[in-house]
Amino acid sequence: MSKNKSRKSSVKNKANRRPNNTGERSHKREQGKPTQKASSNGLWLYGKHAVLAALENPMRKIKRLMITKRSHDQYQQALTDIHLNHRALNPEIAAIEVFEKNLPADSVHQGIALLTEPLPDSHMDECCVALKEQKNLVLVMDQVTDPHNVGAIIRSAAAFGAKAIITTDRHAPPESGVLAKSASGALEALPWVRVTNLSRALDQLAEMGYWRIGLDGYAKQDIRDADFGDNIALVLGAEGKGIRKGTADHCDGLVKLPISRTVESLNVSNAAAVALYVFSA
């Protein structure tokens, strides 16, 4: 019997039994791929929470910090605190035309913008280690592509104590100003692992001690009835398409949210927040 079938059979017999940390088969370790890089000029982040969180993150390389004249007083205290406690800052007072030239059209920048570089790579072996006697929650996204959704999911994952998010290197949005603003600062707090092969990454999570639980509106099991212990890798499918069959085949179980029949489904970011709350409790 294959490892996946053995785990699925054990779910049916005893859902809260812990998985074997030593996998039956040896898999190539998914260390995470380099993030999709911004242009040679760098990456623009904008908005109050995204920029201030980035400035407090020692892993961020600061290239240019701009604030509008109108917003100077609003950010003066926060920037002074960061200057004294985190890093030296030299903000540039820029005209609104400079913001419009450098940022995407209709950006809600709140009078502050930061030119930086994408964050360094994160690796599963470093940030997804399942620690004993505590909740260990990892969030896996199977080709969720909308940056607003991914940003909102990152924010919820950080709020409910997830250790990391995992996506494929392709069919996932790059780090961007839109995504960072949607994450409202959480992008700086949560490691993001990008992998080439999601199925192999899920097998590695199983070897690390995680139950791989897919969120599927057509699943038979209600998430309220699921008991998989403390180590959960929550798997989310793409907007509209849901979890791919190959990904579902590498899950130990599928669960659904108990939503009303009057609503066909929830937005993936809303569904993620509910599921994260359940599994973090």
Side-chain angles (χ1 to χ4, degrees), residues 2-27 29-32 122-142 144 152-167 186 189-193 195 198-216 219-237 243 247-258 268-281:
S2 71
K3 178 185 173 184
N4 287 336
K5 290 182 179 178
S6 297
R7 287 172 64 82
K8 289 179 179 178
S9 176
S10 66
V11 169
K12 293 179 181 179
N13 294 327
K14 190 175 182 181
N16 60 355
R17 181 180 176 183
R18 292 179 180 268
N20 188 347
N21 288 339
T22 59
E24 296 175 11
R25 293 179 292 179
S26 176
H27 299 281
R29 312 303 283 181
E30 281 288 351
Q31 292 294 339
S122 295
H123 305 288
M124 288 176 60
D125 284 345
E126 298 170 354
C127 59
C128 297
V129 176
L131 303 177
K132 295 182 179 180
E133 298 182 357
Q134 71 171 54
K135 294 279 187 178
N136 294 285
L137 181 60
V138 171
L139 195 142
V140 182
M141 285 184 266
D142 182 18
V144 181
I153 290 169
I154 290 173
R155 184 179 185 182
S156 295
F160 291 112
K163 302 175 79 70
I165 63 164
I166 299 173
T167 69
L190 196 65
W192 184 346
V193 179
V195 299
L198 194 60
S199 295
R200 190 160 59 219
L202 288 168
D203 284 339
Q204 183 177 339
L205 285 170
E207 293 174 358
M208 295 174 73
Y210 287 88
W211 287 108
R212 305 157 300 178
I213 309 304
L215 194 61
D216 185 347
K220 295 181 179 180
Q221 186 174 22
D222 190 310
I223 193 171
R224 296 172 296 183
D225 301 325
D227 183 3
F228 296 95
D230 291 335
N231 303 334
I232 300 295
L234 175 63
V235 185
L236 304 175
I243 297 176
T247 303
D249 288 342
H250 282 77
C251 290
D252 301 302
L254 299 176
V255 297
K256 64 182 179 181
L257 298 179
V268 64
S269 63
N270 294 330
V274 175
L276 285 163
Y277 169 74
V278 172
F279 285 125
S280 66

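Just so we're clear, the structure is a prediction, and the values are computed from it rather than from any experiment.
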Locate the shortest heavy-atom distance separating Gly237 from Val144; write the atom from each residue and the value.
O-CG2, 3.4 Å

Ala157 versus Leu190, closest heavy-atom pair with distance:
CB-CD2, 3.6 Å

To the closest 0.5 Å, what do you measure between CZ (Arg212) and OG1 (Thr247)?
11.0 Å

State, yes or no, whether a side-chain contact exists between Leu198 and His250 at a heavy-atom distance under 4.5 Å.
no

Apply salt bridge (charged side-chain N to carboxylate O under 4.0 Å, His left out) to Lys135 and list each qualifying residue two or more places apart in sequence or on a separate chain.
Asp230

Between CE of Met124 and CD of Gln204, what distance do you get to the nearest 0.5 Å?
4.0 Å

What residue among Leu205, Leu236, Leu234, Thr167 forms side-chain contact (heavy atoms from CB on, under 4.5 Å) with Val140?
Leu205

Identify the heavy atoms of Cys128 and Val138 that sit nearest to each other, and give their distance.
SG-CG2, 4.1 Å

Whether Asn231 side chain and Gly209 backbone form a donor-acceptor pair below 3.5 Å:
yes

Does anything in residues 268-281 pair up under side-chain hydrogen bond (donor to acceptor under 3.5 Å, both in side chains), and if so which pairs, sequence neighbours excluded?
Asn267-Ser269

Check side chain to side chain contact (heavy atoms under 4.5 Å, CB included) between Asp216 and all other residues, then give those that pass, not counting sequence neighbours.
Tyr218, Ala219, Leu254

Phe160 side, atom CZ; Phe279 side, atom CZ - distance, nearest 0.5 Å
13.0 Å

Would you check if Ile165 and Met141 make a side-chain contact, meaning some heavy-atom pair closer than 4.5 Å?
yes

Quick check: closest heavy atoms across Gly214 and Ile243, and the distance to 0.1 Å?
CA-CD1, 3.6 Å

Quick check for you: to the nearest 0.5 Å, what is the distance between Ile213 atom CD1 and Ile223 atom CD1?
9.5 Å

Hey, could you give me the CD/NZ distance between Gln134 and Lys163, rounded to the nearest 0.5 Å?
5.0 Å

So, applying side-chain contact (heavy atoms from CB on, under 4.5 Å) with Val235, which one of Ile166, Asp252, Leu202, Leu139 is it?
Leu202

Ser122 and Trp192 have their tightest heavy-atom pair at CB-O, 3.5 Å

Give the minimum heavy-atom separation between Tyr210 and Asn136, together with the two atoms involved.
CE2-O, 3.6 Å

When rounded to the nearest 0.5 angstrom, what is the spacing between CG in Leu257 and CZ in Arg224?
9.5 Å

